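Just so it is clear, the model here is predicted, and its values are computed rather than measured. Just so we're on the same page: letters track the sequence lines, and every chain starts at 1.
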Amino acid sequence: MKIQDTLSKNQKQLDTSGKIRIYVCGVTVYDESHIGHARTIIVFDVLRRYLESKGAWVEIIQNFTDVDDRIINRAKRENVRASAISSRYIDNYYNDFDDLNVIRATKYPKATEHIEDMQNFIKSLVNKKIAYTSKNGVYFSVAKFPEYGKLSKKKIDELLSGARVEVDEAKKDPLDFALWKFSNEDPSWESPWGRGRPGWHIECSAMSIKYLGENFEIHGGGRDLIFPHHENEIAQSESYTSQPFAKIWMHVGMITINGEKMSKSKGNIKSIRHVLESFSSNIIRLFCLSGHYSKPIDYSEDLLQENITKWRQVESCYYEMNLAKGNGPTDEIKKIIIECQNEFNSALDDDLNTHLALSAFFKFINEINQLVASETITKSISDLAIPIFEKMIYIIGLKIPKISDEEIKTINELINKRESLRAEKKFQEADRIRDQISEMGIELIDHKNRTTWMKKEKIQSERH
RNA sequence: GGUGAGGUGGCAGAGCGGUUGAUGCGUGGGCCUGCAAAGCCUAUCUAAGGGGGUUCGACUCCCUCUCUCACCUCCA
């Protein structure tokens, strides 16, 4: 499989026969997660699912930033400890992402639980004279890392000429960034340099190296982290280990709204919880995977709505396959199905092209639905197709709503009752049964000689 | 100002130096149905931001102009 690497600007080959170590920059837990976070995490979730399907042993580490000015500010405002804020939004995070059917990472390390690791990291940089102490804290000296700017393709002097670098007398160089900030307020820890808290970037360097080693396969996150966060991580980590850091830097595009980036400062955030009120995780995942991960996606209810229609085809296809009966030849359809699957896989092999993979998946759906329409679907065919279908939806992370045997029994009884009423041309009564079944969340599908059904997902479009 | 990513049908959005604009949505018509819904079939929409160049041939490569977005401050 190939992945585009931001650092080298080339596609890099991933060896899927062994272990693949991935570090994803997670969220700062000071508020609810939004749909932009969802996209990034879903992309890495699909990557993980796909790599695992190819037999790779994937390890994903995703941090929670639980030391941050925004957390501290919120804690002050609510008059609680910082940890109360972060644990609230960590719980919130798990609820949101479980509902989005995201497989949990191998580990979710927290910054506050790795203070010692960070301090050891900083000590080493201070010993190497790459970091220095000032009156405000310990800073990384960018001048000591000549390759600074290689990830974001920025030149140091151009950064300096930009008027927006923060003015801080205590820093030797305006580009230097904090490894440790002196502070006595909650939360803070003792350190060899004085009481304080870690800077933002150091946690990811310390924790990724701790859990994944000095040179792991993929380091990722949203595009907006390229500078300064990932740039600084490279500077720290490579200064610390004296060797290249991550092999591949993978960055996910932003979700925009009316063409503008979704961000707190613009006040155009759509929280995951908010979107989940109107659209299921299946719809949200299809939406988030509808374009190439590296490009922006514009959020709109219409686009989400469009995916409801797509999803129904998938659902209906699945239920039809499960209700198929009889035996028959499979050679021809087998060829087509395998072709779709190959197309699906090679799309994902090529830099996780989920949109192209989905189009192969929809070709598959259409092939099956054609057989359904022509009443030529058989159990022989569905026995062949269902495992492939299930494999594909697993990789995309879609879930067909489950239904109990008891429910199935009730549904079948009602269908039979309706059939006899229809035979007697008692259509009003038959329609009443259809409504009754509909209230159970089941949609009936009348074919020429038989009636099938599918479980409708709870999707109410709350259009305001 | 610097850096990066882009501008493809009504919408979303891939691929490819050369047969028919992938795939989905939408729209028109049809099949099916007691009616719906779902599904299927079929049709529809003169595509490639503008201008140059390379080439036998460019949407695909190069140059230039232009527009959009992102990053350069915290940000997934």
Side-chain angles (χ1 to χ4, degrees), chain A residues 6 9 24-28 30 33-44 62 65 68-70 149 152-155 157-166 175 200 220-229 231 251-256 259-266 269 286-287 290-292 294-298 300 302-303 305-310 312-313 315-317 319-320 343 347 350 353-363 365-366 368-375 422-423 425-428 430-431 434 438 443-449 451-454 456:
Chain A
T6 310
K9 296 173 89 173
V24 180
C25 283
V27 296
T28 301
Y30 74 108
S33 297
H34 59 71
I35 191 73
H37 301 122
R39 181 192 188 189
T40 301
I41 301 305
I42 286 170
V43 165
F44 282 98
Q62 188 188 316
T65 299
D68 178 85
D69 289 351
R70 289 165 296 170
S152 56
K153 319 297 172 204
K154 292 184 190 307
K155 295 200 171 67
D157 47 343
E158 278 163 3
L159 280 169
L160 285 171
S161 65
R164 284 191 273 181
V165 273
E166 146 196 16
L175 292 181
W200 174 34
R223 282 211 97 79
D224 53 352
L225 295 181
I226 294 174
F227 190 90
H229 185 54
E231 193 70 70
H251 291 105
V252 180
M254 299 293 100
I255 286 200
T256 59
E260 281 200 316
K261 183 180 164 186
M262 192 175 279
S263 69
K264 263 269 144 65
S265 48
K266 287 186 176 127
I269 299 282
L286 285 173
F287 168 75
S290 67
H292 191 261
S294 64
K295 291 188 180 176
I297 290 186
D298 203 50
S300 83
D302 285 346
L303 250 35
Q305 198 75 27
E306 181 180 315
N307 285 295
I308 294 178
T309 321
K310 293 186 192 178
R312 302 197 66 181
Q313 290 175 30
E315 267 186 304
S316 129
C317 174
Y319 284 100
E320 293 288 358
E343 222 177 296
D350 185 11
N353 191 336
T354 51
H355 186 88
L356 203 56
L358 283 172
S359 70
F361 175 61
F362 282 109
K363 276 185 200 165
I365 299 293
N366 179 256
I368 299 295
N369 284 342
Q370 277 181 46
L371 299 180
V372 172
S374 62
E375 311 263 344
R422 288 176 76 199
K425 300 208 189 298
K426 293 181 178 165
F427 296 124
Q428 278 197 340
D431 287 353
R434 184 164 66 194
S438 170
E443 181 170 337
L444 293 184
I445 301 166
D446 289 332
H447 293 284
K448 214 166 189 167
N449 301 316
T451 296
T452 58
W453 51 267
M454 67 173 176
K456 289 184 296 186

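For A:F362, the ring-ring contact (aromatic ring centres under 6.0 Å, His included) test picks out no residue, with sequence neighbours left out. Considering only residues two or more places apart in sequence or on other chains, A:H229 meets the ring-ring contact (aromatic ring centres under 6.0 Å, His included) condition with A:W200, A:H201. In this structure, the side chain to side chain contact (heavy atoms under 4.5 Å, CB included) partners of A:T451, at least two apart in sequence or on a different chain, are A:I415, A:R418, A:E419, A:R422, A:L444, A:D446.
A gap of 41 Å separates the C1' atoms of B:rA43 and B:rA70, to the nearest Å. Across the C1' atoms, B:rG18 and B:rC59 are found 12 Å apart, a figure rounded to whole Å. B:rC67 and B:rG49 have their C1' atoms separated by 7 Å, with the value rounded to a whole Å. When the C1' atom is compared between B:rC72 and B:rC45, the two are found 43 Å apart, to the nearest whole Å. Taking atom C1' on both B:rG39 and B:rC32, the two are 9 Å apart, rounded to the nearest angstrom. The gap from the C1' atom of B:rU54 to that of B:rC62 amounts to 7 Å, rounded to the nearest Å. Nucleotides B:rG24 and B:rC71 have their C1' atoms positioned 32 Å apart, rounded to a whole Å. Taking the C1' atoms as reference points, B:rA47 lies 14 Å from B:rU60, given to the whole Å.
Residue contacts for A:K266: at a heavy-atom cut-off of 4.0 Å it reaches the sugar-phosphate backbone alone, with no base atom in range. Contacts of A:K363 with the nucleic acid, taken as non-hydrogen atoms under 4.0 Å apart, involve only primed sugar atoms and P, OP1 or OP2. Using a 4.0 Å heavy-atom distance criterion, A:L358 is classed as making no nucleic acid contact. Contact annotation for A:G253: base contact, defined as any heavy-atom pair under 4.0 Å involving a base atom. Among the protein residues, A:F227 comes within range of the sugar-phosphate backbone only, with heavy atoms under 4.0 Å from sugar or phosphate atoms but none that close to a base. At a threshold of 4.0 angstrom between heavy atoms, the contacts of A:G221 are confined to the sugar-phosphate backbone, with no base atom among them.
Sparse packing is recorded around NZ of A:K155, with 12 or fewer heavy atoms of other residues, nucleotides or ligands lying under 6.0 Å away. More than 12 heavy atoms of other residues, nucleotides or ligands sit less than 6.0 Å from atom NZ of A:K266.
Closest approach to the A:I255 side chain among B:rA76, B:rU3, B:rG24 is made by B:rA76 (side chain taken as heavy atoms from C-beta onward). Side-chain proximity of A:K154 to B:rC32, B:rA76, B:rC72: nearest is B:rC72. You'll find that the side chain of A:E260 is closest to B:rA70, out of B:rA70, B:rA14, B:rA76.
Within the 4.5 Å cutoff, the side chain of A:S438 has heavy atoms near those of the A:K456 side chain. Within the 4.5 Å cutoff, side-chain heavy atoms of A:M454 are placed close to those of A:I445.
Atom CG in A:L225 sits roughly 14 Å away from atom C1' in B:rU73 (whole-Å rounding). The distance from atom CG of A:D157 to atom P of B:rU3 is 11 Å, rounded to the nearest whole Å. Between the CD atom of A:Q428 and the P atom of B:rG34 there is a distance of 17 Å, rounded to whole Å. Atom CD in A:E231 sits about 13 Å away from atom P in B:rU73, given to the nearest Å. A:L286 places its CG atom 15 Å from the P atom of B:rA14, with the value rounded to the nearest Å. Atoms CD1 (A:I41) and C1' (B:rA76) sit 7 Å apart, rounded to a whole Å. Distance, A:K261 NZ to B:rC69 C1': 11 Å, rounded to whole Å.
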Task: Strand RNA chain B as a dot-bracket string - pairs counted if Watson-Crick or G-U with both distances under 3.5 Å, | where the partner lies in another strand - done: (((((((..(((.....[....))).(((((.......))))).....(((((..]....))))))))))))....
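A salt bridge links A:D68 with A:R70; the closest basic N to acidic carboxylate O contact falls under 4.0 Å. Salt bridge present: A:E343 and A:K363 bring a charged side-chain N and a carboxylate O closer than 4.0 Å.
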- [ ] Sugar-phosphate means primed atoms, P, OP1 and OP2; the rest is base. With that split, encode nucleotides 35-44 of chain B 5' to 3' as B, S or - using protein heavy atoms under 4.0 Å.
- [x] BBBBSSS---
Might you list the N or O atoms of the protein lying below 3.5 Å from N or O atoms in nucleotides 7-13 of chain B, with each pair's distance?
unit_1 : atom_1 : unit_2 : atom_2 : d
B:rG13 : O2'    : A:H355 : NE2    : 3.0

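Summary of the strand contacts: A:V252 and A:K9 both lie near RNA chain B, and taking for each the nucleotide with the nearest heavy atom, the more 5' one is attributed to A:K9.
Taking only side-chain nitrogens and oxygens, A:K153 never comes nearer than 4.0 Å to OP1 or OP2 of B:rG2.
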